[in-house]
Amino acid sequence: MSAPPDTPRMLAPQALGQDYFCLPAWLPVPGHGLLCANAHLVRGAEPMLVDTGVAALGDDFMAALEACIDPADLRWIWLSHTDADHAGNLVRVLDAAPRATVLTGFLGLAKMELQGLPLDRVQLLDPDAAFVLPDRELVPVRPPYYDAPESTGFFDTKTRSLFCVDAFGALLPQPEETAAAIAPATLEAGLAAWSALDAPWLAMADRDALAQALQAIMRLDPRLMISGHLPPAFGMAGELAGLVRHVYGGKPAAPGSDLLARLAA
């Protein structure tokens with residue numbers, strides 16, 4: 001990465017095989033390292049963009065998208081949730097993609113309205129039914145943990161690719177092209193650090209319920225896992241689920257529990 005460590009940077013798109021592309025950005029998190037902020041492109045029969053990146057990198061994001069596809073050919077935009085690093089360039093993409101329709105859930109639609117985002121090209125996802133395209137089916141998936149309640153990922157039954165939104169994200173010391181390139185200890189530490197910031201409620205989660213959610217991911221046995229905040233992971237579902245279970249498999253104290261105990265004494 002040629003940019004200084006305190007400078008956000010869009011990197012070149014990565015072809016992931018079977019129509020999938022990663023549009024990776026890396027953002028500094030002061031005192032913690034770097035966090036990738038990925039969008040993805042599915043360049044199939046009806047091309048679909050998965051999230052729209054960070055607004056501060058808008059020009060570079062659009063250039064990366066245009067390197068993979070003419071935005072005018074996009075038919076769908078899967079908006080997993082409305083956080084700024086996922087919906088940052090939505091308006092720009094819609095302007096460049098006049099045939100594209102936004103896919104999101106009911107709460108996602110409500111948050112779009114609150115943020116003043118355009119609603120005239122939104123189609124609501126049915127959380128209980130596959131979204132059927134001419135060449136694939138996308139089954140909506142609630143990720144095992146998340147920072148926004150509307151978060152919606154998918155499992156592509158054709159390619160066995162899983163979009164897990166923000167789950168399995170990790171703070172890292174340097175950019176990597178794939179999750180497999182990260183040393184296991186570094187990956188576990190980065191995953192623990194990011195989840196503590198992004199989903200601190202995991203420290204209070206029911207261990208059995210979390211284990212069941214992670215087991216469901218393992219049963220899907222995805223060939224490719226794509227996350228907003230982890231480099232592409234090929235064949236790593238078991239390893240990633242195991243890391244989360246290791247980090248949260250005990251009974252850590254809930255945030256603020258010591259203070260609450262003192263106040264109640």
Side-chain angles (χ1 to χ4, degrees), residues 14-22 36 38-46 48-51 76 78-81 86 103-105 108 125-170 178-182 184 187-188 190-192 194-195 198-199 202 205-249:
Q14 297 172 244
L16 305 180
Q18 294 185 288
D19 301 329
Y20 276 73
F21 294 80
C22 180
C36 63
N38 301 322
H40 298 88
L41 174 67
V42 185
R43 202 173 60 183
E46 293 186 1
M48 181 178 74
L49 180 64
V50 183
D51 289 335
W76 306 99
W78 187 287
L79 187 61
S80 66
H81 60 305
H86 294 260
L103 298 168
T104 193
L125 286 164
D126 181 347
D128 297 317
F131 180 69
V132 181
L133 294 171
D135 59 345
R136 70 193 69 229
E137 291 186 351
L138 306 178
V139 179
V141 172
R142 178 179 288 277
Y145 58 96
Y146 45 84
D147 64 359
E150 74 271 22
S151 295
T152 306
F154 62 77
F155 182 68
D156 180 338
T157 59
K158 174 186 176 182
T159 64
R160 304 198 64 79
S161 300
L162 175 67
F163 171 48
C164 52
V165 196
D166 284 354
F168 307 107
T178 67
I182 306 166
L187 180 56
E188 179 172 341
L191 184 151
W194 175 241
S195 59
D198 193 55
L202 274 174
D206 180 270
R207 303 302 97 191
D208 291 338
L210 178 60
Q212 290 175 19
L214 295 170
Q215 188 64 36
I217 297 296
M218 295 175 65
R219 282 197 300 270
L220 287 174
D221 191 26
R223 295 192 184 106
L224 169 65
M225 291 177 65
I226 55 175
S227 167
H229 300 306
L230 183 75
F234 294 89
M236 293 182 63
E239 179 177 349
L240 291 170
L243 289 175
V244 175
R245 289 195 67 174
H246 185 256
V247 170
Y248 291 103

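Computed from a predicted model, the values in this text were never measured in an experiment. For this chain, numbers begin at 1 and follow the sequence in order.
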Walk me through it: do T104 and T152 pass the test side-chain contact (heavy atoms from CB on, under 4.5 Å)? CA-CA 8 Å; T104 193; T152 306; over 6 Å; no
Once rounded to the nearest 0.5 Å, what's the spacing between atom [atom1] of [X] and atom [atom2] of [Y]?
X: E239; Y: M218; atom1: CD; atom2: CE; value: 11.0 Å
X: T159; Y: L138; atom1: OG1; atom2: CG; value: 8.5 Å
X: I217; Y: F168; atom1: CD1; atom2: CZ; value: 5.5 Å
X: D51; Y: L41; atom1: CG; atom2: CG; value: 12.5 Å
X: R136; Y: S161; atom1: CZ; atom2: OG; value: 8.0 Å
X: L214; Y: L240; atom1: CG; atom2: CG; value: 10.0 Å

For L133 and V42: C-alpha separation, side-chain torsions, deciding distance, then whether side-chain contact (heavy atoms from CB on, under 4.5 Å) applies. CA-CA 11 Å; L133 294 171; V42 185; over 6 Å; no
Locate the shortest heavy-atom distance separating [X] from [Y]; write the atom from each residue and the value.
X: P127; Y: P140; value: O-CB, 4.1 Å
X: H86; Y: G228; value: CE1-CA, 4.2 Å
X: R160; Y: D221; value: NE-O, 3.6 Å
X: D135; Y: G44; value: OD2-CA, 3.5 Å
X: W194; Y: A170; value: CB-CA, 4.0 Å
X: P149; Y: R142; value: O-NH1, 3.3 Å

S227 side chain vs V165 backbone, donor-acceptor pair below 3.5 Å: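 Answer holds: yes.
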Quick check: does any side chain N or O of H229 sit under 3.5 Å from a backbone N or O of C36, one acting as donor and the other as acceptor?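 Flag set: sc H229 to bb C36 pair under 3.5 Å.
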Once the angle between the rings of W78 and F131 is folded into 0 to 90°, is it parallel (under 30°), tilted (30 to 60°) or perpendicular (over 60°)?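 The arrangement is perpendicular - the two ring planes meet at more than 60°.
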In terms of ring plane angle, is the pair F163 and F154 parallel, tilted or perpendicular, where the classes change at 30° and 60°? tilted
Test item: [X] and [Y] side chains (from C-beta on) under 4.5 Å apart, heavy atoms:
X: E188; Y: V247; result: yes
X: D156; Y: L224; result: no
X: F234; Y: M225; result: no
X: S195; Y: Y248; result: yes

Derivation of the side-chain contact (heavy atoms from CB on, under 4.5 Å) call for L162 and I226: CA-CA 6 Å; L162 175 67; I226 55 175; over 6 Å; no
